[in-house]
Amino acid sequence: MTKIFEISDKALSSPHLAVMLIDLCLIRGVNQHKLLKSTQLFYEDISKGEIKISPLQLFKLIDNSQKLLNSHDMSFLLGRRFFPGNLGAIANVLFNAKNLSEMLKVIISFQQLLFPLMFIQYKQYQNKTYLIINHSLGEFSDNHTTFMAELFCSILVSAIKLRFGQTFPLEFKFPYSQPDHIEEYQVNLGPDVQFDQHIFMIGIENKYLNIQLQDSSKTLKFLYLFQCKKQRIKQVGLIQYLLIFLDKNIYTTLEQSATYLKISPATLKRKLKQHNTSFQQLLDLIKKQKAIYQITVEGRNNDSISNSLKFNDTTNFRRAFKRWTGTTPNTLRH
Amino acid sequence: MIFTFFLGELKPINLIDWFDVLGEGSITLMILIWIFFTMISRPKGKVTHLLISGLAIMQLSMLLDFLDEFIHYSQSSAWITTIESLPAPIGMIMMTIALYYWHQEQTSLNAQLIKKERYFREHSLTDYITGLYSAEYMKNQITREVNSITNKSNFSMIMLDVCNFDAFNRKFSDIQGDKLLREFANLILMNIRDKDLACRFASDRFIVLLPDTHQKTANIIANQIQLSISHLAHKPGQSPEAVYHQILACSCEYQESDDCEILINKLNQEMLKAKLSQITKLVA
């Protein structure tokens with residue numbers, strides 16, 4: 001049975017990310033007390049390494065670090081250090097994956113162990129693979145969205161760099177507008193970076209997924225995989241849980257979703273509010289992402305998309321699309 | 001002062017203790033000097049007012065004490081000798097309060113200085129790690145250069161990228177990585193001309209603007225930077241063993257109708273090519 005955790009639950013068993021962030025800030029001369037202010041974290045506890053922290057505490061810490069440092073490369077630096085870091089057995093599994101395709105599969109199935117704050121939906125079309133990434137516990141500000149996206153991409157790119165000794169051509173689509181520090185994207189992520197795409201998606205050609213890693217060991221991989229399966233935490237962020245459910249049932253109501261979560265609709269509403277979102281927002285998000293994927297990747301026409309999203313007619317779909325993105329499906333095609 | 005003369009009468013010369021006169025007189029004089037210097041060296045404000053008032057009250061006490069030596073008070077006016085020492089502690093208290101405010105003032109001044117640094121960091125004009133200006137500043141400068149371009153002059157750009165910086169960081173820690181970047185920044189500065197501008201672009205990448213320069217010269221300078229970096233026997237931390245580094249370089253020259261964004265994109269593309277050719281070189 002999967003346990004659902006929420007923003008204020010102290011469920012992040014590994015303070016890995018928090019510790020790395022604190023270290024980076026201290027190196028840069030940030031005052032420790034100011035950094036930990038209102039995070040309810042204590043340096044002594046963290047350095048002992050046995051505490052569990054909540055996503056909210058981590059977000060607050062990120063927020064503080066951004067305010068105190070105001071350097072735009074924190075997310076990228078953090079991402080570079082993330083893997084292998086001290087992730088333990090799972091890092092060894094990743095190290096012994098035979099190619100990128102296998103690495104991605106490990107990342108997706110052990111997402112809770114690796115990166116419980118965001119999750120990947122994996123899609124393939126023709127000769128390309130696409131990763132659609134969403135937040136497991138909601139988004140809290142533009143800064144938060146940007147930071148997490150940068151962190152995620154940086155982790156992925158530096159893991160590839162570490163294992164393959166080079167980066168592969170990846171295409172990045174970000175939901176937000178081009179930030180001022182675009183050069184960080186150019187240097188860290190490569191030339192193919194697009195903004196205002198209403199979706200956070202990474203694309204890669206399949207031929208790169210199958211490049212063999214000569215120094216990987218199947219035996220070691222299985223050994224560590226076995227260890228990971230034992231320590232695998234069967235828990236998932238509330239928003240992630242709900243989004244995955246909505247992805248499969250796009251005409252679900254709030255009531256049905258509440259029943260699925262075994263809570264009352266009022267409680268669900270309240271919980272979603274705590275995660276800075278609402279049922280309608282999440283439903284729109286899923287539909288929007290499906291529409292954008294079908295338009296930009298699969299190149300489907302409006303009729304086909306409005307059918308697949310169960311709209312009565314194309315006019316309704318176009319209107320809804322305009323509401324989600326501020327633009328029409330046709331503008332997105334060009 | 002006149003009041004004291006009015007209350008008492010002058011002592012006969014032989015009763016004056018000249019030793020006391022010297023001691024108390026010099027203190028009175030010193031306090032006057034203190035007041036003078038406080039007034040000329042400090043800007044007006046609460047702290048200054050308090051300091052000067054405190055000093056003035058001290059001065060009053062000292063002056064009364066001083067005049068004591070010359071004036072003899074009658075029985076009825078003897079109270080003045082009992083209260084003459086009263087202003088001194090009041091003055092001291094006021095000065096102590098002033099000192100406390102002064103401390104606060106200094107702390108806030110320090111904070112303002114830090115804010116100034118932050119201010120620059122916030123607007124990412126200077127880079128904390130290398131001490132160079134950041135990409136934002138460079139972009140402004142490029143735009144300025146593009147706008148002021150004439151038929152005769154042309155400018156070039158160099159981009160530099162440290163090879164295997166990630167691996168170095170992983171091996172020697174981030175602090176050493178930061179130090180390395182700082183050293184590279186210094187080396188780059190040493191190898192460029194006075195009119196050139198070097199900035200940190202992002203992460204382990206630097207960018208140099210060379211006004212009135214053609215690509216040929218830019219390539220020569222880029223080459224010199226590469227040479228000087230490859231000769232640097234860098235010793236991370238306490239390690240006695242030197243680590244040698246390579247830096248990739250590419251250049252481009254301004255062409256008509258280019259703008260800042262196009263130029264930087266060109267450089268990024270060139271850098272990508274340079275990286276790819278380096279990887280194939282390693283494989284071959």
Side-chain angles (χ1 to χ4, degrees), chain A residues 20-31 34 66-86 91 150 154-155 157-170 178-193 211 214, chain B residues 111 114-115 117-129 134-140 159-167 169-170 173-179 181 199-207 260-261 264-273 275-276 278-280 282-283:
Chain A
M20 283 198 306
L21 182 61
I22 292 170
D23 271 358
L24 260 178
C25 289
L26 294 185
I27 290 175
R28 301 249 163 136
V30 169
N31 182 304
K34 283 185 187 156
Q66 281 185 299
K67 275 182 192 144
L68 290 167
L69 264 175
N70 239 312
S71 63
H72 301 295
D73 57 351
M74 286 307 274
S75 45
F76 291 102
L77 283 175
L78 211 55
R80 285 172 164 211
R81 276 157 193 75
F82 190 82
F83 176 70
N86 30 25
E150 290 170 353
S154 173
I155 292 174
V157 169
S158 48
I160 291 175
K161 230 180 190 171
L162 180 66
R163 287 304 285 133
F164 294 90
Q166 66 178 94
T167 48
F168 298 138
L170 296 166
Q178 177 172 321
D180 289 336
H181 52 284
I182 175 71
E183 51 283 344
E184 295 287 347
Y185 286 75
Q186 292 163 343
V187 172
N188 288 290
L189 308 181
D192 202 347
V193 186
I211 295 176
Q214 301 306 328
Chain B
I114 289 169
K115 264 187 193 158
E117 280 174 359
R118 278 252 194 267
Y119 176 79
F120 282 117
R121 261 181 246 166
E122 262 174 35
H123 294 256
S124 47
L125 284 175
T126 50
D127 171 56
Y128 176 69
I129 303 294
S134 71
E136 199 57 44
Y137 186 84
M138 178 53 91
K139 283 193 253 178
N140 293 339
M159 192 174 260
L160 300 148
D161 189 295
V162 183
C163 302
N164 301 320
F165 183 63
D166 271 353
N169 259 347
R170 208 164 273 134
S173 89
D174 305 318
I175 301 175
Q176 293 305 326
D178 285 356
K179 275 190 187 158
L181 285 180
C199 292
R200 187 181 181 203
F201 188 64
S203 171
D204 53 352
R205 211 174 271 196
F206 297 92
I207 187 165
C260 169
E261 203 178 318
I264 286 183
N265 278 340
K266 271 190 197 170
L267 281 171
N268 276 325
Q269 289 298 333
E270 286 296 315
M271 185 49 80
L272 211 66
K273 272 190 221 160
K275 277 197 164 181
L276 282 176
Q278 189 210 22
I279 287 165
T280 43
L282 286 176
V283 173

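Convention: sequence-line order gives letters A, B, ...; per-chain numbering from 1. All figures in this text were calculated on a predicted structure; none of them were measured in a lab. Below, each value reflects all heavy atoms present in this structure, side chains not excepted, and no hydrogens, waters or symmetry copies.
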### Message
Is B:Asp178 close to chain A through its backbone or its side chain, or both, or neither, when contacts mean heavy atoms under 4.5 Å?
### Response
side chain
## Note on the structure
Nearest heavy-atom approach of B:Arg170 to A:Phe83 is NH2-O, 4.1 Å
### Message
Quick check on A:Asp180 against chain B: is it the side chain, the backbone, both or neither that has a heavy atom closer than 4.5 Å?
### Response
both
### Task
Quick one: do B:Asp174 and A:Arg28 satisfy side-chain contact (heavy atoms from CB on, under 4.5 Å)? Show the steps, please.
CA-CA 11 Å; B:Asp174 305 318; A:Arg28 301 249 163 136; over 6 Å; no
### Task
Output yes when B:Arg205 and A:Glu183 qualify as a salt bridge under the 4.0 Å nitrogen-oxygen rule, no when they do not.
no
### Query
Side chain, backbone, both or neither: which part of B:Asp166 has a heavy atom under 4.5 Å from chain A?
side chain
### Query
Of the backbone (N, CA, C, O) and the side chain (C-beta and beyond), which part of B:Ile207 lies under 4.5 Å from a heavy atom of chain A, both, or neither?
neither
### Query
Would a 4.5 Å heavy-atom cut-off, applied to side chains only, mark A:Val187 and B:Ser203 as touching?
yes
#### Entry: Distance in Å, A:Arg80 CZ paired with B:Phe165 CZ, rounded so as to fall on 0.5 Å steps
7.0 Å
#### Entry: Reported CZ-to-OG distance for the pair A:Arg81 and B:Ser173, which is rounded to 0.5 angstrom
9.0 Å
### Query
chain A: which of B:Leu272, B:Asn164, B:Ile129 shares the most heavy-atom pairs with it under 4.5 Å?
B:Ile129
### Message
For chain B, which candidate among A:Ile182, A:Asn188, A:Leu162 shows the most heavy-atom pairs at distances under 4.5 Å?
### Response
A:Leu162
### Task
For A:Phe164, check ring-ring contact (aromatic ring centres under 6.0 Å, His included) against everything at least two apart and list the hits.
A:Phe168
### Query
What residue in B:Met271, B:Lys139, B:Gln269 has the most heavy-atom pairs under 4.5 Å with chain A?
B:Lys139
